[in-house]
Amino acid sequence: MRSDRVTQGVERAAARALIHACGITRRQLDKPFIGIANSYGDMVPGHIGLERLGRAVEHGICAGGGVPFNFGLPAICDGIAMGHAGMFYSLPSRELICDTVESMAQAHALDGLVLLTDCDKITPGMLMAAGRLDIPAIVVTAGPMASGWRSGRKLSLVRDTFEAVGRHQRGEIDDEELAELEMRACPGQGSCQGLYTANTMQCVTEAMGMSLPGAGSALAGSAERMRIAYDSGEAICRLIGEGVNARQIINEKAIRNGIAIDMCLGGSTNSCLHITAIANEAGVPMKIEWLDEVSQQVKQIAHLRPAGEYMMEDFHNAGGVLAALQMLGDVVEDNPTVSGCGMNEQVEAAVVYDDDVIRTTDNAYADVGGIAVVRGSLAPDGAVIKQAAVSEKMRHFKGTAICFESEEDAMEAIMADSIPDGSWCVIRYEGPKGGPGMREMLSPTAALTGMGKEESIALVTDGRFSGGTRGPCVGHVSPEAAVGGPIALVRDGDEIEMDLDARSFELLVDDAEMDRRRAEFTPPEPKIKTGWLARYAQLVTSASTGAVMKAHPECEA
């Protein structure tokens with residue numbers, strides 16, 4: 001076993017002494033050492049229940065014949081970090097999580113890992129670590145939050161708080177109602193109730209085969225979650241005994257299955273960054289074109305919030321991830337899973353209990369998947385849009401650019417209602433390098449929606465969006481402004497045209513004028529010059545490659 005490096009041989013006497021100091025017996029030295037990477041914390045609703053889930057995992061590991069070791073990881077709540085400098089740290093924290101798991105697993109020679117997670121960047125960070133380390137690993141997520149409730153109506157975070165800001169600005173609701181929504185929208189533990197990034201990535205994880213059946217959608221705090229955690233503890237012992245490493249599961253088939261569930265459900269555009277990054281760490285040569293290829297192969301068979309009215313609890317009760325995959329037929333590729341069963345076997349055993357929440361492809365909500373990759377003169381390396389949340393009227397839109405150099409500047413203009421209808425709101429220098437950290441733009445997009453502008457104003461950014469964003473919002477524009485991408489050269493009054501059906505995204509400025517602007521372009525000074533974000537900005541790659549960190553050329557030498 002890997003742990004023999006610290007438990008076996010005369011020369012390891014000191015290491016054994018330190019292990020015994022942790023309460024480990026001599027008999028336990030011959031059992032597999034299993035790390036529980038637990039991102040529990042008191043300030044993230046999705047993670048406040050992970051301490052209890054960790055106990056269930058421990059019980060399962062002990063029953064399976066292993067020795068559990070807990071260690072902690074950071075977890076940032078995007079909803080709390082949103083709209084201020086805290087969001088600079090959100091996406092970069094994915095890399096910290098991956099690096100921390102690697103550090104603990106390698107330094108202590110762990111035989112396997114149970115990855116306890118729930119929210120946006122934490123789950124992909126854990127999966128990236130599993131792919132990088134290539135040791136037995138299994139993911140246990142805390143699950144979605146139950147919906148809020150007020151006056152006979154279900155509530156969710158994005159629609160009833162972020163978008164409520166825009167409604168308040170229009171005078172539709174008063175201070176008292178806004179405060180009431182704040183109290184009732186989020187009733188307790190779990191990731192936010194719709195198909196936002198956290199729940200998208202939980203579904204992707206199950207579809208990839210890296211978590212047990214039901215783990216993608218079972219509600220947080222439920223007995224079902226506790227059973228999944230216990231079973232996962234036993235399962236990691238079996239995976240170690242059988243020598244099943246992470247890359248035997250995280251391969252091209254798993255990546256494509258993950259994309260398929262994302263597309264058929266209409267998930268978050270952030271998945272495009274995260275799935276690409278996971279593939280990179282697992283050694284899978286993924287191309288961004290895979291996203292659009294799979295999107296064209298599947299139909300959107302679910303309509304969850306933010307685009308629709310159903311919640312994650314409805315999706316789970318309707319059959320969940322495996323039931324949705326069952327509707328896709330031959331698109332789903334058979335592959336090993338952490339359960340010990342093949343993906344096709346799991347899918348065949350699934351049952352659809354509500355055929356409106358999870359529809360057949362003959363009765364699909366849309367004939368294509370939920371996300372589109374668009375390209376053109378404004379985004380030569382691609383950009384992404386959640387087409388499932390775009391009205392038919394806005395699938396083809398030509399408008400006039402109004403440019404902002406930061407999210408804050410754009411938000412000020414939106415709240416002042418100073419952006420005229422028929423405009424493209426261009427927010428730049430928010431990409432992986434320029435941000436740095438590629439902030440989510442949920443505050444401006446939700447404000448526009450709350451103000452009733454989702455069919456009159458479009459938004460484009462080299463930053464990214466929350467999974468809660470809806471409307472004509474194009475993100476991940478690559479190359480980004482900070483490296484001189486075309487979005488840096490857009491000027492107020494330029495015309496921009498998007499055609500979702502043609503997958504085109506064009507800046508309608510002639511080549512000679514663009515050449516002149518490019519020659520005059522000077523990169524701006526970095527926004528952050530100290531701390532770890534300064535290093536991140538130097539090493540992070542484009543959004544089109546997952547915004548992963550690469551070694552500095554001098555380090556590679």
Residue pair L539, E95: steps toward the side-chain contact (heavy atoms from CB on, under 4.5 Å) verdict: CA-CA 11 Å; L539 300 177; E95 315 307 309; over 6 Å; no
Test side-chain contact (heavy atoms from CB on, under 4.5 Å) applied to L116 and L73, step by step: CA-CA 9 Å; L116 272 172; L73 290 166; over 6 Å; no
Between Q189 and H47, a side-chain donor and acceptor under 3.5 Å: no
Salt bridge (Lys or Arg N to Asp or Glu O under 4.0 Å) partners of R225, counting only residues at least two apart: none
Side chain proximity check, F162 to L157, heavy atoms < 4.5 angstrom: yes
Partners meeting salt bridge (Lys or Arg N to Asp or Glu O under 4.0 Å) with K253 (sequence neighbours left out): none
V548 backbone acceptor or donor facing T541 side chain under 3.5 Å: yes
Student check: side-chain heavy atoms of I240 and I135 closer than 4.5 Å: no
With sequence neighbours excluded, residues passing side chain to side chain contact (heavy atoms under 4.5 Å, CB included) with A137: L113, L115, A130, M210
Side chain to side chain donor-acceptor pair (under 3.5 Å) contacts touching residues 258-271 (sequence neighbours left out): T197-S268, T197-N270, D262-S271, N270-E440, N270-R464
Test item: side-chain donor near acceptor, S211 and T205, under 3.5 Å: no
E313 versus S147, side-chain donor and acceptor atoms under 3.5 Å: yes
Counterpart residues, side chain to side chain contact (heavy atoms under 4.5 Å, CB included), relative to S391 (two or more places apart): K393, M394, E455
Step-by-step side-chain contact (heavy atoms from CB on, under 4.5 Å) determination, K121 to M201: CA-CA 9 Å; K121 312 308 163 300; M201 290 311 301; over 6 Å; no
Partners meeting side chain to side chain contact (heavy atoms under 4.5 Å, CB included) with P380 (sequence neighbours left out): P479, P486
Pairs meeting criterion side chain to side chain donor-acceptor pair (under 3.5 Å) with involvement of residues 52-72, two or more places apart: R55-E58, E58-N70
Between Q193 and R159: side-chain donor-acceptor atoms closer than 3.5 Å: no
Ring centroid separation Y310 to F315 under 6.0 Å: no
Side-chain donor-acceptor pair present, D118, Q202, cut-off under 3.5 Å: yes
Residues forming a side chain to side chain contact (heavy atoms under 4.5 Å, CB included) with D499, sequence neighbours excluded: H396, D501, A502, S504
Residues forming a salt bridge (Lys or Arg N to Asp or Glu O under 4.0 Å) with E252, sequence neighbours excluded: R256
Sidechain N-carboxylate O distance under 4.0 Å for D314, K154: yes
Pairs satisfying salt bridge (Lys or Arg N to Asp or Glu O under 4.0 Å), at least one member in residues 263-273, at least two apart: none
Side-chain heavy-atom pair Q387, R503 within 4.5 angstrom cut-off: yes
Chi angles and distances behind the side-chain contact (heavy atoms from CB on, under 4.5 Å) call for I255, N257: CA-CA 5 Å; I255 295 296; N257 286 344; over 6 Å; no
Donor-acceptor under 3.5 Å (N335 side chain, M208 main chain): no
Contact check, side chains of T449 and R470, non-hydrogen atoms, under 4.5 Å: yes
Close side-chain approach of V474 to K386, heavy-atom, < 4.5 Å: no
Salt-bridge contact D160-R153 (side-chain N to carboxylate O under 4.0 Å): yes
Partner set under ring pair (Phe, Tyr, Trp, His ring centres under 6.0 Å) for F505, not counting sequence neighbours: W424
ring-ring contact (aromatic ring centres under 6.0 Å, His included): pairs with one or both residues in residues 330-373, sequence neighbours excluded: H303-Y365
